[in-house]
Number of protein chains: 2
Amino acid sequence: MSSYHHGNLKQELISCASKICERDGYTKLSIRSLAKESNVSQTAPYRHFKTKEDLYAEIAREGFDNLHKAISKSKSQNTQDVLVSASKEYLKFGTKNSNTYDLMFGTAVPDFTKYPSLFKSANSVYRHITTLFAAYSKNKDSKFIQEKCIDIWAHLHGLVGLLRKLEVVPAKLVEMPDTPFMAVNKINEDLDGYLKRFIKNI
Amino acid sequence: MSSYHHGNLKQELISCASKICERDGYTKLSIRSLAKESNVSQTAPYRHFKTKEDLYAEIAREGFDNLHKAISKSKSQNTQDVLVSASKEYLKFGTKNSNTYDLMFGTAVPDFTKYPSLFKSANSVYRHITTLFAAYSKNKDSKFIQEKCIDIWAHLHGLVGLLRKLEVVPAKLVEMPDTPFMAVNKINEDLDGYLKRFIKNI
DNA sequence: GTATTATGTTAGCAGTGTCAACATTAAAAT
DNA sequence: ATTTTAATGTTGACACTGCTAACATAATAC
């Protein structure tokens with residue numbers, strides 16, 4: 001009588017999946033448990049996602065949209081400050097939403113072009129970084145800007161990975177020499193300073 | 001009669017798993033199929049690996065050892081050339097062994113400290129980069145060297161990710177503006193030049 | 001040579017992605 | 001307004017997974 005049809009299942013599944021994904025990691029996310037959590041039969045999600053990868057793509061898209069929002073916050077007039085601030089937000093997003101970040105940049109969805117909206121959201125993030133850097137850079141040559149944006153993105157992406165490892169590692173290992181942790185920890189303790197130097201040095 | 005005991009199962013499983021992992025991605029690797037491929041019962045691997053993560057750790061360790069070998073090849077006297085060559089080998093390893101690379105740097109084994117030999121192998125790679133850079137760098141300050149090594153590593157790691165996306169993407173998208181692919185492709189076409197500039201600019 | 005330990009096997013549990021067949025309802029076509 | 005159709009839900013099933021317990025056999029230590 002009341003609710004054979006759910007009404008808003010698709011969006012609820014995506015939201016719920018995003019939560020589980022962030023809490024437990026995307027490998028722990030199962031379509032069946034997802035269905036259970038939404039009080040719906042085990043195969044109901046298949047009316048909205050043909051495969052699990054389709055669901056992953058949706059979560060990843062939401063992730064890129066959130067990342068875009070995060071790095072678009074700064075409203076400063078100083079183009080360098082904006083770039084530094086965006087970089088910081090990027091690192092924050094990657095470390096605070098690390099499981100989702102994994103899904104976004106890992107191999108769960110190997111080919112973004114299969115999912116146009118995901119492809120678009122991901123590229124928007126890149127385009128935004130390009131815009132910020134173009135505004136900051138003295139050298140306005142397009143090829144130069146593009147290459148430097150790759151540099152920035154690659155660098156930030158790598159840092160996210162390292163900062164995450166830092167969180168997992170036992171505290172005493174942070175002081176262990178011959179290990180990247182000490183250096184990363186130093187960076188982490190003065191992120192602003194580090195990022196300012198980084199941007200300036202590009 | 002002949003072979004109730006296999007004799008060398010553990011190593012064969014690791015080798016076989018490495019192959020499957022590289023061919024199909026580590027998510028496709030199953031202990032059962034692995035056992036089948038070695039003509040052994042479904043649960044035999046559990047005598048050698050308590051959990052799947054233990055097996056992953058072993059594959060990852062092998063990966064780090066191979067990465068170490070790869071970036072240690074150059075025998076040039078010129079410290080800059082050595083660094084450039086090692087960087088190139090790093091990128092090559094990451095793109096040619098991309099599925100294994102995923103396993104090594106992803107979340108399949110979240111905490112390396114649980115696996116001492118893996119931890120050691122991974123750190124050896126980092127130490128090697130440190131050594132190469134320390135030999136090259138004019139500035140011998142330890143803190144400086146450590147931070148720059150993080151920079152190098154992060155940068156290379158990020159590039160691996162981008163280069164891999166490039167391989168997946170349809171050819172025509174490479175020429176699409178507002179997309180990182182064109183820039184990455186340019187870099188890829190002259191990797192040596194790019195890396196030389198990169199190292200010089202550090 | 002016997003006891004112990006390492007390494008293999010079989011049977012089975014609970015959970016998974018996915019599909020086919022069927023049920024119900026909302027939306028569109030008439 | 002009624003009927004058709006498409007969307008969205010459910011049940012049941014298949015083949016697969018990680019993993020455990022109970023048992024079998026072989027290598028090793030004494």
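Chain letters run A, B, ... following the sequence lines, proteins first, then strands; residues in each count from 1. As a basis for the values below, the full set of heavy atoms in this structure was taken, side chains included, without hydrogen atoms, waters or symmetry mates.
Here the P atom of nucleotide D:dT17 and the CD1 atom of B:Ile20 are 10 Å apart, to the nearest Å. One can place NZ of A:Lys10 at 12 Å from P of D:dA7, the figure rounded to the nearest angstrom. For A:Leu55 and C:dG17, the CG to P distance is 10 Å, given to the nearest whole Å. For the pair A:Leu29 CG and C:dG15 C1', the computed distance is 14 Å after rounding to whole Å. To the nearest angstrom, P of C:dG17 lies 14 Å from OH of A:Tyr26. Rounded to an integer number of Å, the gap from B:Lys52 NZ to D:dG18 C1' is 8 Å. Per the geometry, OH belonging to A:Tyr56 stands 11 Å off C1' belonging to C:dG17, to the nearest Å. Straight-line distance from the CG atom of B:Asp54 to the P atom of D:dC19: 9 Å, rounded to whole Å.
Going from atom NZ of A:Lys19 over to atom CG of A:Asp24 covers 13.0 Å, rounded to the nearest 0.5 Å.
Proximity note for B:Arg47 (side chain, C-beta onward) versus C:dT7, D:dC19, C:dT18: the nearest is C:dT7. Nearest nucleotide to the B:Ser30 side chain, out of C:dG17, D:dT17, C:dT18: D:dT17.
Panel note: side chain B:Asn123, backbone B:Phe119; a donor-acceptor pair is recorded below 3.5 Å. Side-chain atoms of B:Ser121 come within 3.5 Å of backbone N or O of B:Ser117 as a donor-acceptor pair. A:Glu22 places a side-chain N or O within 3.5 Å of a backbone atom of A:Thr100 that can act as its donor or acceptor partner.
Looking at A:Arg32, its side chain has no donor and acceptor atom pair within 3.5 Å of the base of C:dG15.
Counting any heavy atom pair closer than 4.0 Å across all strands shown, B:Leu34 reaches no nucleic acid atom.
Shown for residues 36-44 of chain A: residues whose heavy atoms fall under 4.0 angstrom of DNA chain C, namely A:Thr43.
Side-chain contact annotation: B:Tyr115 with B:Asp54, donor-acceptor N/O pair under 3.5 Å present.
Looking at which nucleotide of DNA chain C each of A:Lys50 and A:Lys28 is closest to, the 5′-most match is held by A:Lys28.
The shortest side-chain heavy-atom distance between A:Ser18 and A:Ser15 does not fall under the 4.5 Å cut-off.
In this structure A:His157 satisfies the ring-ring contact (aromatic ring centres under 6.0 Å, His included) test together with A:Tyr101, A:Phe105, A:Trp153, B:His157, sequence neighbours excluded.
Side-chain N/O atoms of A:His48 include none lying less than 4.0 angstrom from OP1 or OP2 on D:dA7.
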